[in-house]
Chemist: 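Before we start, here is the structure in question, set down as structure tokens.
Any value given below was found using the heavy atoms of this structure, including those in side chains, with hydrogens, waters and symmetry copies removed. Lettering of chains follows the sequences in order, A, B, ..., and the numbering in each one begins at 1.
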Number of protein chains: 4
Amino acid sequence: MSHREGTEWRIRVAAIRALAKHGYADLSIKRIGEELGQSSSLLYHYFDDKDDLLLSTLDLVEEEFVDQRGRDEPSNPKEDLADLIDAFFDPFSVTTDDVTTADEIEFDVVLVYVYAELWAQATRDERYRAKITELETRFVDEITRTLERGIEEGQFRETPPTKTAEHIFALFLHELHTKTAVDRDEATEMTRTNLYDLTERELSVDLRNPE
Amino acid sequence: MSHREGTEWRIRVAAIRALAKHGYADLSIKRIGEELGQSSSLLYHYFDDKDDLLLSTLDLVEEEFVDQRGRDEPSNPKEDLADLIDAFFDPFSVTTDDVTTADEIEFDVVLVYVYAELWAQATRDERYRAKITELETRFVDEITRTLERGIEEGQFRETPPTKTAEHIFALFLHELHTKTAVDRDEATEMTRTNLYDLTERELSVDLRNPE
Amino acid sequence: MSHREGTEWRIRVAAIRALAKHGYADLSIKRIGEELGQSSSLLYHYFDDKDDLLLSTLDLVEEEFVDQRGRDEPSNPKEDLADLIDAFFDPFSVTTDDVTTADEIEFDVVLVYVYAELWAQATRDERYRAKITELETRFVDEITRTLERGIEEGQFRETPPTKTAEHIFALFLHELHTKTAVDRDEATEMTRTNLYDLTERELSVDLRNPE
Amino acid sequence: MSHREGTEWRIRVAAIRALAKHGYADLSIKRIGEELGQSSSLLYHYFDDKDDLLLSTLDLVEEEFVDQRGRDEPSNPKEDLADLIDAFFDPFSVTTDDVTTADEIEFDVVLVYVYAELWAQATRDERYRAKITELETRFVDEITRTLERGIEEGQFRETPPTKTAEHIFALFLHELHTKTAVDRDEATEMTRTNLYDLTERELSVDLRNPE
DNA sequence: GATGAATGAGGCTTCATTCAT
DNA sequence: TATGAATGAAGCCTCATTCAT
């Protein structure tokens with residue numbers, strides 16, 4: 001995949017890693033250069049300015065997401081839904097401390113943290129908001145389509161797919177938030193339970209016990 | 001109430017307003033001074049440094065929250081739950097643009113935006129994380145207690161209160177996120193629906209149609 | 001005179017000296033700080049930015065000019081004209097090398113060099129152009145008024161005062177230019193001759209030989 | 001004419017145009033590259049560094065000047081003087097705004113603006129001063145020679161040619177200055193008048209009314 | 001002949017903070 | 001209590017230049 005090579009791509013990756021490590025508020029051009037292992041002024045050959053680079057970072061998050069999603073052919077809705085949930089929850093097995101400290105974190109882990117990091121910017125900058133909106137729309141759409149397929153195929157109970165997809169996404173956010181921003185261990189334990197209860201009730205399907 | 005007066009309190013309020021207006025990443029001592037209408041060096045008489053002030057800001061968020069909660073005697077669990085939900089959703093009738101632009105925003109509106117603003121910091125700074133954790137614990141506890149009271153009084157169906165409270169909180173987060181960080185109107189419309197469906201199903205109570 | 005004191009005034013003076021020493025193109029905030037003997041960031045307490053400071057510099061040139069002019073009561077037109085010419089030519093007894101090297105140059109000498117330095121900016125920046133225009137207008141007006149007085153009093157021959165004043169100013173520019181920008185010694189020697197010939201012919205008065 | 005071709009010549013032209021457009025203080029290698037439409041690093045094949053290029057730029061100004069002058073055989077001194085004056089005044093029919101904005105300005109127009117731009121540099125850099133000195137000497141010499149021919153042929157009154165030539169040049173400078181650096185319309189109108197009065201008086205010849 | 005990658009130095013400006021008053 | 005003066009560090013970005021291709 002050609003877009004996974006070249007200096008421009010390396011800079012974007014460095015920006016993402018630096019963002020995960022230091023956070024948006026403490027992210028400096030200098031630190032991106034350090035993460036890159038090259039002169040910080042180099043990035044001005046490839047991006048207009050800091051904002052341009054950071055915005056493009058969100059494109060990379062999306063590209064990765066698309067690549068990851070497009071990898072497997074959709075087949076069994078129930079399994080697809082389970083996979084999607086796992087893919088979302090997996091990164092959180094890596095703790096925040098690891099992310100802010102370690103040097104070599106797997107990329108999909110880092111991406112989740114970057115996402116959380118840029119929420120706050122989306123509140124004030126419409127460019128960030130537009131990108132994040134698109135990303136989430138895509139994500140929720142994919143859940144919705146999986147639900148629809150399951151309903152068509154009679155695997156899931158009939159339920160308003162959009163509403164249920166949004167509900168699932170809400171529980172994802174809860175997980176993301178409690179894992180990254182607070183120390184409420186009892187809460188994080190509850191997310192999956194609530195998620196499985198939800199699917200059970202809404203879809204009449206139990207994702208926990210694959211028979 | 002003594003803690004609502006004096007220069008120290010005014011500084012904290014100014015910090016909160018400046019935080020809501022500019023965001024954590026673009027919050028400077030100078031801007032707090034501007035919001036305060038006094039010299040920025042004044043705050044060094046009352047706080048050790050910027051961090052100290054900002055941290056103390058979270059105390060104020062908590063104080064306000066406590067005051068607000070403690071105002072009314074708990075009475076009817078169903079009504080209490082409905083009030084709690086309304087209190088959370090109300091601030092979002094004020095748009096993000098208003099918050100970042102206007103000068104005189106009602107305080108409880110500002111607080112919600114500040115809260116979203118500080119999530120990201122909590123990821124990296126344990127002091128923020130501790131405060132936010134405490135705040136959320138308190139908030140979820142209150143929901144839990146309300147549910148427990150309702151169950152005791154037979155107003156709600158028997159349900160694991162902690163789990164359900166956490167589920168309600170997840171939907172609160174969803175609302176907070178979609179209202180502040182993305183333009184997904186269809187999503188924001190769905191939050192309340194999901195919330196009411198949840199209470200109906202879990203608690204066998206319909207908060208929408210007070211008979 | 002109160003405007004001749006205080007940090008703001010000292011900064012403007014430092015800017016002027018640095019401008020004379022290094023020239024507009026090589027004038028940096030750092031160098032102004034060095035000339036001032038204080039931190040370069042200090043100037044941001046008194047001026048919005050570099051441009052603001054430099055523009056204000058021209059105000060100082062004007063203030064000095066006004067003060068200098070307003071010092072003596074106008075009396076004898078012939079003597080006044082001679083004084084005015086001397087005041088303009090005097091600074092050029094200090095060579096360019098002195099200005100760019102020495103530390104303590106008399107202020108009215110420096111001002112002339114600053115003036116030449118900012119011409120080029122006036123071509124591109126209307127704010128500079130406006131200030132320089134005003135300054136020159138004032139200067140030529142004063143020459144004009146002196147001529148008018150001389151004509152009224154019968155000391156000078158009847159001549160269109162505006163046109164002659166402008167002609168005199170043209171010869172001033174010639175002096176300024178040849179003294180600062182080129183090594184054409186024969187030209188500089190000729191300026192005064194041309195100037196005296198002009199007054200003799202136009203005004204029927206010989207400024208060289210006060211009888 | 002070989003010196004009017006090739007990449008080196010194109011680079012010099014680009015430098016001149018960029019100089020006229022942005023001014024010396026804001027002239028960067030990058031901008032020259034943009035004006036050239038090629039990579040900025042190209043110029044390091046033809047010039048040692050920025051200074052070298054800019055200095056060579058003045059050679060081009062001189063070459064153009066020489067070409068322009070050498071074009072016609074000197075014939076009638078009176079007509080030659082009139083032509084010379086016209087050639088100097090013509091470029092100023094193009095306004096400063098045009099020069100700093102438009103893309104395709106006639107070359108002799110641009111040259112005048114470049115000349116004014118480099119005065120300030122000549123004050124501090126002897127290499128610039130040497131070139132500008134030579135250029136002006138040549139220019140004034142040509143005026144002087146024209147005057148001498150006119151005197152020899154009896155077309156002009158006997159007058160010290162050097163002094164008068166310098167006086168004419170002073171009025172040229174006045175025109176250059178008022179047209180480029182200030183908004184003093186009344187002054188620019190007066191320059192020609194003064195110039196014609198001068199020739200009439202000094203040379204007993206009226207350039208305005210060719211009978 | 002021509003380019004794009006790369007860099008270190010330096011540009012302007014904002015920042016958090018201290019201090020004397 | 002409150003302020004304005006003052007500063008050093010750091011921020012983002014542009015610059016002139018070199019080098020490999």
Side-chain angles (χ1 to χ4, degrees), chain A residues 6-8 10-11 22 25-33 36-54, chain B residues 6-8 10-11 15 22 25-34 36-54, chain C residues 6-8 10-11 22 25-33 36-54, chain D residues 6-8 10-11 15 22 25-34 36-54:
Chain A
T7 308
E8 184 182 326
R10 280 176 37 241
I11 293 174
H22 307 287
D26 288 321
L27 180 64
S28 71
I29 293 286
K30 194 184 162 213
R31 290 211 232 244
I32 295 175
L36 178 63
Q38 282 180 281
S39 167
S40 9
S41 61
L42 177 58
L43 87 225
Y44 288 93
H45 279 273
Y46 297 89
F47 300 92
D48 289 344
D49 51 22
K50 195 189 180 189
D51 254 355
D52 185 28
L53 167 57
L54 257 30
Chain B
T7 307
E8 184 181 326
R10 281 176 38 241
I11 292 175
H22 305 288
D26 289 321
L27 180 63
S28 71
I29 292 285
K30 194 184 164 199
R31 289 209 233 249
I32 295 174
E34 281 163 7
L36 178 62
Q38 284 180 278
S39 167
S40 14
S41 57
L42 176 59
L43 63 90
Y44 286 91
H45 279 274
Y46 297 88
F47 301 92
D48 289 346
D49 52 20
K50 194 189 176 189
D51 246 7
D52 186 27
L53 166 57
L54 255 32
Chain C
T7 308
E8 185 182 325
R10 281 176 38 240
I11 293 174
H22 305 287
D26 288 321
L27 179 63
S28 70
I29 292 287
K30 195 182 161 216
R31 290 210 232 245
I32 295 174
L36 179 62
Q38 283 180 278
S39 168
S40 9
S41 60
L42 176 59
L43 90 227
Y44 287 92
H45 278 274
Y46 298 88
F47 301 92
D48 289 343
D49 52 23
K50 196 189 181 189
D51 252 356
D52 185 29
L53 167 56
L54 257 32
Chain D
T7 307
E8 185 182 327
R10 281 178 36 242
I11 293 174
H22 306 289
D26 289 320
L27 180 64
S28 72
I29 292 285
K30 195 184 166 201
R31 289 209 233 248
I32 295 175
E34 280 162 9
L36 178 63
Q38 284 181 280
S39 166
S40 15
S41 57
L42 177 59
L43 65 89
Y44 286 90
H45 280 273
Y46 297 88
F47 301 91
D48 291 343
D49 53 20
K50 193 190 177 189
D51 245 8
D52 186 28
L53 167 56
L54 256 31

Chemist: Output the distance between atom CG (A:Asp52) and atom OH (A:Tyr44), rounded to the nearest 0.5 Å.
Modeler: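 If we round to the nearest 0.5 Å, A:Asp52:CG and A:Tyr44:OH are 10.5 Å apart.
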Chemist: Run the side-chain contact (heavy atoms from CB on, under 4.5 Å) check on B:Glu8 and B:Ile11 step by step: do they pass?
Modeler: CA-CA 5 Å; B:Glu8 184 181 326; B:Ile11 292 175; 5.7 Å; no
Chemist: Convert the base pairs of DNA chain F into dot-bracket notation, remembering that pairs crossing earlier ones are written with [ ] and that bases paired across to another strand are shown as |; include only Watson-Crick or G-U pairs under 3.5 Å.
Modeler: .||||||||||||||||||||
Chemist: So what does D:Thr7 touch, heavy atoms closer than 4.0 Å: a base, only the sugar-phosphate, or nothing?
Modeler: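 Sugar-phosphate only.
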Chemist: Flag the pair C:Leu53 / C:Ile32 as yes when at least one side-chain heavy-atom distance between them is below 4.5 Å, and no otherwise.
Modeler: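 When only atoms from C-beta onward are counted, C:Ile32 and C:Leu53 do touch, with a gap below 4.5 Å.
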Chemist: In whole Å, what is the span from the CZ atom of B:Phe47 to the P atom of E:dA16?
Modeler: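 Atom-to-atom, B:Phe47 to E:dA16, this comes out as 15 Å.
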Chemist: Could you tell me the boundaries of the chain D footprint on DNA chain F, defined by atoms under 4.0 Å from its heavy atoms?
Modeler: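 With heavy atoms of chain D under 4.0 Å away, the range is F:dC15 to F:dT18.
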Chemist: Roughly how far, to the nearest 0.5 Å, is the CZ atom of B:Arg31 from the OG atom of B:Ser40?
Modeler: 12.0 Å
Chemist: Taking any heavy-atom pair under 4.0 Å as a contact, classify A:Tyr46: base, sugar-phosphate, or nothing.
Modeler: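 If one applies the 4.0 Å heavy-atom cut-off, A:Tyr46 turns out to touch the sugar-phosphate alone, with no base involved.
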Chemist: Quick one: B:Ile32 CD1 to E:dC15 P, roughly how many Å, whole number?
Modeler: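 In whole Å, E:dC15 P lies 11 Å from B:Ile32 CD1.
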Chemist: Write down the atom of B:Lys50, the atom of B:Leu27, and the distance for their closest heavy-atom approach.
Modeler: NZ-O, 2.8 Å
Chemist: Where each residue is assigned the nucleotide of DNA chain E containing its nearest heavy atom, which of A:Leu42 and B:Asp51 is assigned the position nearer the 5′ end?
Modeler: A:Leu42
Chemist: For C:Asp26, which residues count as a salt bridge (Lys or Arg N to Asp or Glu O under 4.0 Å) partner, sequence neighbours excluded?
Modeler: none
Chemist: Using the test salt bridge (Lys or Arg N to Asp or Glu O under 4.0 Å), find all partners of A:Asp48 that sit at least two apart in sequence or belong to another chain.
Modeler: none
Chemist: C:His45 or D:Leu43: which one's nearest nucleotide on DNA chain E is closer to the 5' end?
Modeler: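 Here D:Leu43 is the residue nearer the 5' end.
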Chemist: On DNA chain F, compare the nucleotides closest to A:Asp49 and B:Gln38; which residue's is nearer the 5' end?
Modeler: B:Gln38
Chemist: Quick one: salt bridge (Lys or Arg N to Asp or Glu O under 4.0 Å) partners of B:Asp49, sequence neighbours excluded?
Modeler: none
Chemist: Report, one pair per line, the protein and nucleotides 9-11 of chain E atoms (nitrogen or oxygen only) whose separation is under 3.5 Å.
Modeler:
none

